[in-house]
Q: 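One structure, as structure tokens, below. Some questions next.
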Amino acid sequence: MRARDLLADFPVVALDSSAIEAARLLADQDLPGLIVVDDAGSPFTILPGTQVLRLAVPAYCQDDPALARVVDEAHADRFLRGLDGLSVRQCLPKEHRELPVARPEATVLELAALMTRTRSPLVAVVEGGRLLGAVTLQALLDRVL
């Protein structure tokens, strides 16, 4: 089985897309992550859902769970609103990670190794610089288990 056999259409967001709209897309479609594309439509980065959530949670709450406990639910909603007016580009992590991209001919083991190495629940499948779709961890597990 190859990546092309597990391939599915997958929504993308552009670097200049609204960060809040990207977060809503993730939640509304129950996606494992987001593929962020550049101006040419090629994958720029993949943000796992946990990374998108990380954009909305203040660093001090990520660093100290005790601080997260003292914020009540009424105020927790305000953190997500902190993304309003920001683009995806403005919210990207500063460190560059390996981009989980595979060719359509990649094997299941290659896909699994790439997901593991990059800690990504999805792999963008690209041919000739063009995004064909994605293989999700769920699709991979459904086919091999």
Q: With a 3.5 Å distance limit and no angle check, can you tell me whether T116 reaches the backbone of A112 through a side-chain donor-acceptor pair?
A: yes
Q: Any heavy-atom pair between the side chains of L15 and S87 that's under 4.5 Å?
A: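 The answer is no; the side chains never approach within 4.5 Å.
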Q: Hey, does T118 have a side-chain heavy atom less than 4.5 Å from the side chain of R97?
A: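 No, too far: nothing below the 4.5 Å cut-off.
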Q: I need the minimum non-hydrogen distance between L7 and A134, along with the two atoms involved.
A: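 Closest pair (atom of L7, atom of A134, distance): CD1-N, 3.6 Å.
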Q: Quick one: does L99's side chain get under 4.5 Å of P43's, heavy atoms only?
A: yes
Q: Write down the atom of D38, the atom of A40, and the distance for their closest heavy-atom approach.
A: OD1-N, 2.9 Å
Q: Please examine the side chains of L47 and V36, heavy atoms only from C-beta on, and report whether any two atoms are closer than 4.5 Å.
A: yes
Q: Quick one: do L6 and L111 satisfy side chain to side chain contact (heavy atoms under 4.5 Å, CB included)? Show the steps, please.
A: CA-CA 10 Å; L6 299 169; L111 294 170; 4.1 Å; yes
Q: State, to 0.1 Å, how close L31 and P11 come at their nearest heavy-atom pair, and which atoms those are.
A: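 Looks like CD1-CG, 3.6 Å.
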Q: Considering only heavy atoms from C-beta outward, does the side chain of I46 approach that of L34 to under 4.5 Å?
A: no
Q: Is the count of non-hydrogen atoms from other residues, nucleotides or ligands lying under 6.0 Å from D39 atom CG greater than 12?
A: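 Open.
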Q: OG1/T136 to CG/D142 distance, rounded to the nearest 0.5 angstrom?
A: 7.5 Å
Q: Can you list the residues that meet the side chain to side chain contact (heavy atoms under 4.5 Å, CB included) rule with V12, with sequence neighbours excluded?
A: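 If we apply the side chain to side chain contact (heavy atoms under 4.5 Å, CB included) test to V12, skipping adjacent residues, the hits are I35, V37, L131.
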Q: Let me confirm one number: the CZ-OG distance from R24 to S18, rounded to the nearest 0.5 Å.
A: 7.5 Å
Q: Distance check, rounded to the nearest 0.5 Å: L86 atom CG versus L92 atom CG?
A: 11.0 Å
Q: Might you point out which heavy atoms bring T107 and R2 nearest each other, and give the distance in Å?
A: CG2-NH1, 3.0 Å
Q: Taking all non-hydrogen atoms of both residues, which atom of V125 and which atom of A3 are closest, and how far apart?
A: CG2-CB, 4.2 Å
Q: Counting heavy atoms not belonging to D28, are there more than 12 under 6.0 Å from its CG?
A: yes
Q: Please determine whether side chain to side chain contact (heavy atoms under 4.5 Å, CB included) holds for the pair V108 and R143, giving the CA-CA distance in whole Å, both sets of side-chain angles, and the decisive distance to 0.1 Å.
A: CA-CA 9 Å; V108 168; R143 294 300 289 263; over 6 Å; no
Q: Under 4.5 Å between any side-chain heavy atoms of V135 and L122, yes or no?
A: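 A side-chain contact is absent here, since even the closest heavy-atom pair is not under 4.5 Å.
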Q: If two hydrophobic side chains count as joined below 4.5 Å and joins carry through other members, does L109 share a cluster with M1?
A: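 Hydrophobic grouping puts L109 apart from M1.
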Q: Can you tell me which residue pairs pass the salt bridge (charged side-chain N to carboxylate O under 4.0 Å, His left out) test with a partner in residues 109-131, sequence neighbours excluded?
A: E98-R117
Q: So which heavy atom on P32 is nearest to which on L26, and how close?
A: C-CD1, 4.3 Å
